Amino acid sequence: MSCNRHKILFLREQIPSFECVPGCHDCCGPVTTSSEEMARLPRKTAAEQEAALAELNCVHLGPNGCTVYDERPLICRLFGTTESLPCPNGRRPAELIHPLAEKAVHQFIATTRQVLV
Ligand code: SF4
Ligand code: SF4
């Protein structure tokens, strides 16, 4: 397992989970992710990606919400768990992410090559 893969798994564990509004996708849109996370997502054609981007959507958004929920990028996981990325529908975990963990997530994103999902 690559070093980044270990980091990703570790960071995922630091991000608290919570229940979203079923089927909600209000915080979805074009996002970027590391190549390691990208490699675990289903491949989409250039045409599918362009169509999603044209509507400012994420290519993995389906009619019932995220179709890659278990493998969604770190930035998607972070959303709603910190005051800086609040859920517009008021959903949140019992305890927000620890500031050091949030900083580590942002640092990982800032120091890895990011690609458009
Ligand atoms: S975090 Fe909030 S806005 Fe985003 S999917 Fe969940 S309920 Fe919807
Ligand atoms: S990967 Fe899933 S959660 Fe993230 S923006 Fe796309 S549809 Fe939304």
Side-chain angles (χ1 to χ4, degrees):
M1 196 182 285
S2 75
C3 180
N4 273 350
R5 186 75 198 135
H6 277 295
K7 277 188 202 162
I8 292 161
L9 292 177
F10 176 76
L11 291 172
R12 282 183 177 184
E13 285 171 8
Q14 311 304 306
I15 302 175
S17 57
F18 62 99
E19 271 195 41
C20 286
V21 175
C24 177
H25 52 79
D26 292 354
C27 62
C28 293
V31 290
T32 62
T33 194
S34 63
S35 47
E36 283 84 359
E37 290 164 282
M38 189 71 166
R40 297 180 70 87
L41 296 174
R43 281 185 174 245
K44 295 287 184 179
T45 64
E48 287 173 314
Q49 283 183 312
E50 276 169 29
L53 197 55
E55 295 183 352
L56 289 182
N57 271 341
C58 170
V59 73
H60 295 295
L61 181 61
N64 298 314
C66 180
T67 59
V68 293
Y69 195 77
D70 289 345
E71 292 292 346
R72 68 199 189 285
L74 283 169
I75 194 66
C76 305
R77 293 166 186 271
L78 192 61
F79 203 92
T81 70
T82 162
E83 300 288 4
S84 62
L85 291 172
C87 165
N89 297 316
R91 297 294 175 110
R92 55 192 289 164
E95 272 188 46
L96 295 178
I97 188 171
H98 191 284
L100 288 178
E102 181 182 1
K103 193 173 167 192
V105 172
H106 285 304
Q107 191 169 11
F108 177 81
I109 291 171
T111 55
T112 50
R113 182 172 169 268
Q114 295 282 301
V115 290
L116 184 67
V117 168

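Both counts, for ligands and for their atoms, begin at 1 and track the order of listing. What you are looking at is a predicted structure, and each value in this text was computed from that prediction instead of being measured.
- Atoms of ligand 1 lying under 4.0 Å from any heavy atom of Val21, numbered from 1 in the order shown and given with element: 7 (S).
- Residue, atom and distance of the protein heavy atom nearest to atom 8 (Fe) of ligand 1 are Cys24 SG, 2.2 Å.
- Residues Thr112 and Glu36 bring no donor and acceptor atom of their side chains to less than 3.5 Å of each other.
- Partners of Pro63 according to the side-chain contact (heavy atoms from CB on, under 4.5 Å) rule, which considers only residues two or more places apart in sequence or in another chain, do not exist here.
- Considering only non-hydrogen protein atoms, atom 4 (Fe) of ligand 1 sits nearest to Cys27 SG, 2.4 Å.
- Ligand-side atoms of ligand 1 in range of Asp26: 3 (S), range being under 4.0 angstrom from any heavy atom.
- Around atom 4 (Fe) of ligand 2, the protein N, O or S atoms closer than 2.8 Å are Cys76 SG, listed by chain and residue number.
- Sorted pairs that involve residues 58-67 and meet side-chain hydrogen bond (donor to acceptor under 3.5 Å, both in side chains), not counting sequence neighbours, are lacking altogether.
- Once rounded to the nearest 0.5 Å, the distance linking CD1 of Ile109 with CG of Leu78 reads 7.0 Å.
- Look at Glu71 and Arg12 and you find a salt bridge, because one of the NZ, NE, NH1 or NH2 atoms lies within 4.0 Å of a carboxylate O, short of that distance.
- Of the options Pro88, Gly65, Pro86, Cys20, the smallest heavy-atom separation from atom 3 (S) of ligand 1 is shown by Pro88.
- Residues forming a side-chain contact (heavy atoms from CB on, under 4.5 Å) with Glu13 (at least two apart in sequence, or on another chain): none.
- Looking at Phe18 against ligand 1, only its side chain comes within 4.0 Å, counting heavy atoms.
- Near Cys87, meaning under 4.0 Å from one of its heavy atoms, ligand 1 places the atoms 1 (S), 2 (Fe), 3 (S), 7 (S).
- The NE2 atom of His106 sits 6.5 Å away from the OG1 atom of Thr82 when rounded to the nearest 0.5 Å.
- Separating the CZ atom in Arg77 from the CZ atom in Arg72 is a distance of 4.5 Å, to the nearest 0.5 Å.
- The atoms of ligand 2 that sit less than 4.0 Å from any heavy atom of Gly29 are 5 (S).
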Worksheet item: Going through the checks in order, is the salt bridge (Lys or Arg N to Asp or Glu O under 4.0 Å) test met by Glu48 and Arg43?
Response: CA-CA 10 Å; Glu48 287 173 314; Arg43 281 185 174 245; over 6 Å; no
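- Other residues, nucleotides and ligands contribute only 12 or fewer heavy atoms inside 6.0 Å of the CZ atom of Arg92.
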